[in-house]
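Index from 1, following the sequence.
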Amino acid sequence: MKIGLITSIFEGMGLKEVVDFAAESGLECLEVACWPTSGGKKRRYAGVSHIKTENLTAEKAEEIKAYMKVKGVDISALAYYPNMLDPDEEKRRTYVEHLYRLIDASALLDVNMVTTFLGRIPNQSVSHNLEEVKKVWPPILEYAQTKGVRIAIENCPMLFTEDEWPGGQNLMTTPANWRKVFEILPYDNLGINYDPSHFVWQQIDYIRPIYEFRDKIFHVHYKDIKVYPDKLADVGIMATPLQFMTPKLPGLGDVDWGKYVSALTDIGYDGYTCIEIEDKAFEGSIEQAKKAVQLSLRYLRNFVI
């Protein structure tokens, strides 16, 4: 396994700066944030673009590949995490259009992996959303197949604030939903970007699904979650999750990283694993973000060499 990070915490830094930091820190890969450069609604850790896919040429792609090779850092995936099933049809169209650009760019860069969300209409049932999935996703996956690109869906519910209530903005959140999605989208190039932290606050076993979905794990995140039992006892599981939990650096939350990495080695996973920093204690500056990555890497090297 190779350890890297998702670059969205480094807003304001250029790609070469991020690559240089990764190489100096001993990181081996980057999941490169590729949001549109035209602006639009932003949220925490979104809206960052370290590769501008809108105007990526073959020449620019070769330049990027050459720099990565010199520095000894791989691109694990191109990352873009909007709600692909947004109920606003115009927003949905722009999100899907940009996803196609990432697929093209991923092929140009010989990365051949895109990480994203499946999407969800928050106020509709799982059954209703599955019908939307049938309409939206087959053309995307078929196009990605022609480009030799795999798409890895992160299992984040995107259910943190009141405007995302009650269902969140991503359907691929539980093993039960994974089975339903893979049944209606039986594409070899559709898989999972596995993040154990989102299972912690949902009270789902984050180890067992690794074995069942071993062939669908395309990419891995390292992020921790701390659940505060006293707060949970006060607001209950129907509250917005940030009322009773918070994202933390790996090792500072409730994930048992020894068991997690052990399970990944059990299934023979030897792909990319990326640190994802969303710990508010390290948001004050770029230097604090760098420190967060370095602390996370130091801890995770206990398990991944």
Visitor: Under 3.5 Å, side chain of Asn170 to main-chain N/O of Glu154, donor-acceptor pair present?
Guide: yes
Visitor: Would you mind checking if Glu63 and Lys60 are paired as a salt bridge, meaning a charged N to carboxylate O distance below 4.0 Å?
Guide: yes
Visitor: Is the gap between the ring centers of Tyr194 and Trp178 under 6.0 Å?
Guide: yes
Visitor: Under 4.5 Å between any side-chain heavy atoms of Leu27 and Val293, yes or no?
Guide: yes
Visitor: Would you say the side chains of Thr273 and Tyr222 form a donor-acceptor pair under 3.5 Å?
Guide: yes
Visitor: Look at the side-chain heavy atoms of Ile, Leu, Val, Met, Phe, Trp and Tyr, link any pair under 4.5 Å apart, and say whether Tyr143 and Leu102 land in one connected group.
Guide: yes
Visitor: Determine whether Met245 and Ile237 fall in the same hydrophobic cluster, where Ile, Leu, Val, Met, Phe, Trp and Tyr are linked whenever their side-chain heavy atoms lie under 4.5 Å apart.
Guide: yes
Visitor: Determine, for Glu90 against Arg93, whether the closest basic-nitrogen to carboxylate-oxygen distance falls under 4.0 angstrom.
Guide: yes
Visitor: Got Val149 and Asp104 here, is their nearest side-chain heavy-atom distance under 4.5 Å?
Guide: no
Visitor: Quick check on side-chain hydrogen bond (donor to acceptor under 3.5 Å, both in side chains): which of Thr115, Asn193, Asp74 does Tyr272 satisfy it with?
Guide: Asp74
Visitor: Are Phe244 and Tyr228 close enough that their ring centres sit under 6.0 Å apart?
Guide: no
Visitor: Any luck finding a side-chain donor-acceptor pair between Trp257 and Asp224 under 3.5 Å?
Guide: yes
Visitor: Please identify each residue that fulfils salt bridge (charged side-chain N to carboxylate O under 4.0 Å, His left out) with Arg179, with sequence neighbours left out.
Guide: Glu212
Visitor: Test your reading of the model: is there a side-chain donor-acceptor pair from Gln243 to the backbone of Ala239, 3.5 Å cut-off?
Guide: no
Visitor: A side-chain contact here means heavy atoms from C-beta on lying under 4.5 Å apart; do Asp86 and Tyr95 qualify?
Guide: yes
Visitor: Considering only heavy atoms from C-beta outward, does the side chain of Val227 approach that of Gln203 to under 4.5 Å?
Guide: no
Visitor: Can you find a side-chain donor-acceptor pair between Thr173 and His198 that sits under 3.5 Å?
Guide: no
Visitor: Check each of Lys223, Lys226, Lys248 against Asp279 using the salt bridge (Lys or Arg N to Asp or Glu O under 4.0 Å) test, and report the only one that passes.
Guide: Lys248
Visitor: Does NZ or CZ of Lys16 fall inside the cone over Tyr67's six-membered ring, less than 6.0 Å from its centre and within 45° of the axis?
Guide: yes
Visitor: Are any side-chain N or O atoms of Ser49 and backbone N or O atoms of Ile51, one a donor and one an acceptor, separated by less than 3.5 Å?
Guide: yes
Visitor: Return yes if some donor-acceptor pair links the side-chain N/O of Arg120 with the main-chain N/O of Gln124 below 3.5 Å, else return no.
Guide: yes
Visitor: Quick one, Lys2 and Ser76 - any side-chain contact, counting heavy atoms below 4.5 Å?
Guide: no
Visitor: I'd like to know if the side chain of Glu54 and the backbone of Thr37 have a donor-acceptor N/O pair within less than 3.5 Å.
Guide: yes
Visitor: Does the ring center of Tyr187 lie less than 6.0 Å from the ring center of Trp137?
Guide: no
Visitor: Using 4.0 Å as the upper bound for N to carboxylate O, is an ion pair formed by Arg92 and Glu97?
Guide: no
Visitor: Can a donor-acceptor pair be found between the side chains of Thr7 and His50 at a distance below 3.5 Å?
Guide: yes
